[in-house]
Each structure stands twice: as C-alpha cells, then as structure tokens.
Amino acid sequence: IYFLKSMKNNKSIFFNKSNRLIHNILILNILIFLLANIIVSYSISQNINPLTHIDNLGLNSHLYTTLKKPWTFFTNMITHVDFLHILFNMIYFWFFSRILQEKIGSQAVLSSYVLGGLCGGIFYIIFYSLVTTINPGSLLIGASGSVMSIMVASAVLNPNKRIRLLILGSIKLKWIVLTLFVLTSIINFHDNTGGKIDHIGGAFFGLIYAYFLTKRINIAWWFDYF
C-alpha cells in the first residue's frame with residue numbers, strides 16, 4: 001500500500017496537475033487525427049496515394065522498413081485517420097485512464113500508454129515476421145494497443161471496482177475489461193488481424209506491469225524519469 005501511494009504521488013516532470021496528462025494525450029491524438037486527415041484529403045486531391053505520407057507515421061509490418069523509420073514505433077500510437085477509430089479509442093482511454101490514475105497516479109497512465117503501445121507494436125512486427133504471407137507491408141496506426149494496456153492495468157489493480165452501466169447495472173471492472181478484450185481482440189481474428197495483435201501486445205504489457213505493481217515492483221521505473 002505504501003508503494004502504491006508513493007507511486008501515486010510521483011508526478012512526471014512534464015505533468016504536475018490532476019488530469020493534465022490525460023488531457024494532453026487526448027489533445028495530441030485529436031491534433032494528429034486532424035493533421036492526418038488534411039494530409040489524406042490533400043493527397044487525394046493531387047491524385048497521390050495517401051499512404052505515401054501516412055506511412056511516415058504508421059508502423060510498417062516489415063521490420064527492415066520500420067528500422068529505417070524508428071520514430072514510427074511511437075507515432076503510430078497517436079495516429080488515427082478513421083473517425084470511429086479515434087472516437088472509441090479516446091472514450092475508452094478517458095474512462096479507464098482516470099480509474100488507473102485515481103488508483104496509482106498519472107505516471108502509471110503515461111507508462112501504460114507509451115510502453116503498452118510499444119509492446120503492441122513489437123508483437124505486431126513479430127507476428128508479421130513469422131507469418132509473412134498475410135498482408136505483407138501492412139501499416140499499423142491507432143492508440144488501441146496503448147488503450148488496451150491501460151484498460152488491463154486498471155482492471156488488474158481494481159478488479160472488484162464496480163462500474164454502473166446503463167441497463168446492465170453494477171458490474172465489476174474485471175468483467176467489463178475481459179468482455180471488451182474478447183470482443184475487440186479475439187472474435188473475428190481474421191478481420192483486422194494486425195490491430196488485434198496490437199491489442200494483445202498492449203494487454204500483455206498492462207497485465208505484467210500491473211501484476212508487478214501489486215508485488216511492489218515497478219518494471220517501468222526507468223521510464224518514470226522521462
């Protein structure tokens with residue numbers, strides 16, 4: 001308990017007010033979404049393939065291509081083009097990140113978001129490196145892996161926290177997250193396979209990160225200094 005409280009009081013040097021981190025991540029995603037759509041619209045008007053520019057933000061499934069653009073390991077997790085994609089990601093992010101922040105502090109939200117998204121990207125590249133016949137050269141964009149990391153971490157640290165849902169009533173957080181994970185990451189695995197692999201990678205990090213926090217071990221301690 002003392003460990004969790006000390007982490008909750010540990011604030012990143014970039015964010016020192018409640019919810020500022022969450023707001024900034026939301027704003028950053030929205031700004032990149034608007035920029036990406038401007039780029040897509042301009043490309044289409046000029047008869048240019050939109051992916052010509054977007055692939056500088058997304059994570060390519062070819063490891064060699066990605067290594068030439070290492071920044072895409074991070075830019076992919078804040079890049080969206082489809083409106084419904086960013087809408088649901090940001091709704092889930094807002095809801096679950098606040099639960100995680102209330103439990104252990106904003107730094108855990110940042111660690112889960114960035115490192116969970118990075119883990120999702122690594123899972124994505126490993127998968128396509130092993131299964132090279134599926135959608136070669138596909139592009140990963142979106143905060144889904146990062147958000148799934150936060151969702152799972154919040155559930156591991158608050159498994160029995162009850163959430164009141166419209167019509168369904170009061171349900172434990174662990175069952176909500178498990179249901180969302182199955183619906184978005186397991187069912188119809190052949191559809192948007194790369195995105196689902198990203199979900200699984202993010203969920204894996206969120207699970208491991210939160211599990212060790214319950215043991216008073218912060219595996220992301222090195223990241224907390226950024």
Side-chain angles (χ1 to χ4, degrees), residues 12-17 19-98 100-101 106-107 109-125 128 135-151 184 191-199 201-202 205 223 226:
S12 168
I13 60 175
F14 298 114
F15 310 98
N16 53 21
K17 291 184 179 179
N19 290 331
R20 178 182 290 184
L21 170 63
I22 296 174
H23 293 158
N24 282 336
I25 292 177
L26 280 169
I27 292 171
L28 180 60
N29 273 273
I30 293 171
L31 289 177
I32 299 298
F33 167 75
L34 295 175
L35 175 62
N37 275 272
I38 291 173
I39 292 174
V40 169
S41 298
Y42 174 78
S43 299
I44 293 175
S45 69
Q46 299 297 313
N47 294 318
I48 301 174
N49 184 349
L51 291 180
T52 301
H53 302 293
I54 298 300
D55 65 3
N56 288 317
L57 297 174
L59 188 68
N60 197 290
S61 60
H62 283 163
L63 178 59
Y64 178 72
T65 302
T66 296
L67 291 178
K68 293 190 294 185
K69 302 176 181 180
W71 62 86
T72 58
F73 274 104
F74 300 96
T75 56
N76 82 89
M77 66 183 75
I78 55 173
T79 303
H80 300 80
V81 174
D82 182 73
F83 175 72
L84 290 180
H85 192 194
I86 188 173
L87 176 63
F88 283 103
N89 270 345
M90 293 302 100
I91 288 175
Y92 290 147
F93 169 72
W94 171 256
F95 181 81
F96 291 100
S97 63
R98 292 177 67 195
L100 184 59
Q101 179 177 261
S106 61
Q107 189 62 41
V109 175
L110 182 61
S111 297
S112 296
Y113 188 97
V114 176
L115 300 181
L118 184 60
C119 188
I122 292 173
F123 269 51
Y124 171 79
I125 289 178
Y128 280 108
N135 294 331
S138 64
L139 205 64
L140 176 68
I141 59 173
S144 300
S146 299
V147 173
M148 188 59 70
S149 174
I150 290 173
M151 290 169 60
T184 63
D191 182 31
N192 187 28
T193 303
K196 289 180 170 61
I197 292 295
D198 182 40
H199 290 190
F205 178 80
F223 185 77
F226 288 97

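Closest of all the heavy-atom pairs between M77 and V114 is CE-O, 3.5 Å. Minimum interatomic distance between K196 and D191 (heavy atoms only, all atoms of both residues): NZ-O, 2.8 Å. Summarising the geometry of F205 relative to S111, their closest heavy-atom pair is CE2-O, 3.8 Å, with the distance given to 0.1 Å. Shown here for F96 and M151, the closest heavy-atom pair between the two residues is CD1-CG, 3.4 Å. Here the closest non-hydrogen pair linking F33 and V81 is CE1-O, 3.1 Å. Across G117 and S146, no two heavy atoms sit closer than the pair CA-OG, 3.2 Å.
Annotation for F95: atom CZ counts as buried by contact number, over 12 foreign heavy atoms lying within 6.0 Å.
Checking side-chain atoms of H199 against main-chain N and O of S144 turns up no donor-acceptor pair under 3.5 Å. With hydrogens and angles disregarded, no donor-acceptor distance shorter than 3.5 Å links the side chain of H85 to the backbone of G142. Under the 3.5 Å distance criterion, the side-chain polar atoms of S43 are matched with a main-chain donor or acceptor of I39. A donor-acceptor pair is defined here as one N or O able to donate and one able to accept, closer than 3.5 Å; such a pair exists between the side chain of S149 and the backbone of S112.
No option in D198, I78, T79, L57 other than T79 meets the side-chain contact (heavy atoms from CB on, under 4.5 Å) test with I141. Residue Y128 is tested with L63, N60, T193 for a side-chain contact (heavy atoms from CB on, under 4.5 Å); the sole match is T193.
The CG atom of D55 lies 6.5 Å from the CG atom of L139; values are rounded to the nearest 0.5 Å. The distance from the CG atom of N19 to the CH2 atom of W94 is 5.0 Å, given to the nearest 0.5 Å. Atom CG of D82 sits about 8.5 Å away from atom CG of N37, to the nearest 0.5 Å. Note that the SG atom of C119 and the CG atom of L115 stand 9.0 Å from one another [nearest 0.5 Å]. For the atom pair CD1 (I86) and CG (L34), the distance works out to 7.5 Å, reported to the nearest 0.5 Å. The CD1 atom of I54 sits 13.0 Å away from atom OG1 of T72, with the distance rounded to the nearest 0.5 Å.
Using a 4.5 Å heavy-atom threshold, the side chains of F73 and I125 count as touching. At least one side-chain heavy atom of V109 sits less than 4.5 Å from a side-chain heavy atom of F93. Under the 4.5 Å side-chain criterion, counting only non-hydrogen atoms from C-beta, I150 is not in contact with Y92.
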Next on the checklist: Does F223 form a side-chain contact (heavy atoms from CB on, under 4.5 Å) with L110? I'd like the steps, not just the answer.
Outcome noted: CA-CA 9 Å; F223 185 77; L110 182 61; 3.8 Å; yes
Next on the checklist: Please determine whether side-chain contact (heavy atoms from CB on, under 4.5 Å) holds for the pair Y113 and L100, giving the CA-CA distance in whole Å, both sets of side-chain angles, and the decisive distance to 0.1 Å.
Outcome noted: CA-CA 11 Å; Y113 188 97; L100 184 59; over 6 Å; no
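The ring-ring contact (aromatic ring centres under 6.0 Å, His included) test applied to W71 returns no partner, not counting sequence neighbours.
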